[in-house]
Amino acid sequence: MSDFTELVERYIATWNETDPAARRAGVEAVLAEDGTYTDPLVDVAGHDAFDATIAAVQAQFPGLEFRLGGGVDTHHDIARFTWELGLAGGEALVVGFDVAVRGEDGRIRAVLGFLDKVPAGA
């Protein structure tokens with residue numbers, strides 16, 4: 001397992017962390033201070049905005065968990081991976097695909113997200 005794969009796994013775990021202090025610690029550990037996150041619904045930069053984005057997603061989808069939808073494909077300082085959001089052990093209600101760019105400090109400096117499957121009304 002590569003260091004980058006471990007970083008992506010910690011990134012996914014951060015999306016699942018519901019304790020605000022622990023989630024914030026996770027955000028700071030995986031995302032560069034000026035790191036960006038962009039998907040079709042949001043475009044944010046920095047720890048505060050990224051943490052708020054995760055909190056908003058958790059409020060919109062209470063009780064659901066993120067998980068990797070397969071392996072993490074990496075080269076250089078770029079990773080791509082599919083993720084799923086659903087009940088633990090259940091069918092994915094939301095499916096997405098992210099590309100992450102790792103910075104020199106070993107944290108993610110940019111995430112570009114795409115939504116492949118989204119429930120109606122979400």
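Just so it is clear, the model here is predicted, and its values are computed rather than measured. Residues take their numbers from the sequence shown, with the count starting at 1.
Across all non-hydrogen atoms, the minimal contact from A79 to V72 is CB-CG1, 4.0 Å. A pairwise comparison of heavy atoms in D105 and A32 identifies OD2-CB, 4.2 Å as the closest pair. The two residues R23 and A55 come nearest to each other via the heavy atoms NH2-CB, 3.6 Å. Heavy-atom minimum distance, D19 versus A22: OD2-N, 2.8 Å. Among all heavy-atom pairs drawn from A45 and T36, the shortest one is CB-CG2, 3.9 Å. In plain terms, the two heavy atoms of T82 and F97 that are nearest each other are OG1-CD1, 3.8 Å.
With H47 contributing its side chain and L31 its backbone, the two residues share a donor-acceptor pair below 3.5 Å. Here the side chain of N16 pairs a donor or acceptor atom with the backbone of F66 at under 3.5 angstrom.
Under a hydrophobic-cluster definition in which Ile, Leu, Val, Met, Phe, Trp and Tyr are linked whenever side-chain heavy atoms come within less than 4.5 Å, directly or via other members, L85 and V118 are assigned to the same cluster. Note: the hydrophobic cluster containing V57 also contains Y37 (ILVMFWY, side chain heavy atoms under 4.5 Å, direct or indirect links). The hydrophobic clustering, which links ILVMFWY residues whose side-chain heavy atoms are closer than 4.5 Å, places L41 and W83 together. If you chain together hydrophobic residues whose side chains sit under 4.5 Å apart, L115 and L68 fall into the same group. Hydrophobic cluster membership is shared by V44 and I12, with clusters built from Ile, Leu, Val, Met, Phe, Trp and Tyr side chains linked at under 4.5 angstrom.
Taken from OG1 in T18 to CD1 in I54, the straight-line distance is 12.0 Å, to the nearest 0.5 Å. Taken to the nearest 0.5 Å, the CD1 atom of I78 stands 10.0 Å off from the CG atom of L112. Remark: E28 CD to T14 OG1 distance equals 10.5 Å, nearest 0.5 Å. Once rounded to the nearest 0.5 Å, the distance linking CD1 of I108 with CZ of F4 reads 6.0 Å.
Inter-residue side-chain proximity for L64 and V94 is flagged as unmet; no heavy-atom pair is nearer than 4.5 Å. Contact check for L93 versus F61: no side-chain heavy atoms found under the 4.5 Å cut-off. Counting heavy atoms from C-beta outward, Y11 and F81 have side chains that approach closer than 4.5 Å.
Taking the charged nitrogens against the carboxylate oxygens, D48 and R24 do have a contact shorter than 4.0 Å, which makes a salt bridge.
Under the 30°/60° scheme for interplanar angles, the aromatic rings of F50 and W15 are found to stand perpendicular.
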Working for side chain to side chain contact (heavy atoms under 4.5 Å, CB included), residues V42 and D39: CA-CA 5 Å; V42 67; D39 71 20; 3.4 Å; yes
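Annotation: salt bridge (charged side-chain N to carboxylate O under 4.0 Å, His left out) contacts involving residues 66-80, sequence neighbours excluded, comprise R67-E84, D73-R80, D77-R102.
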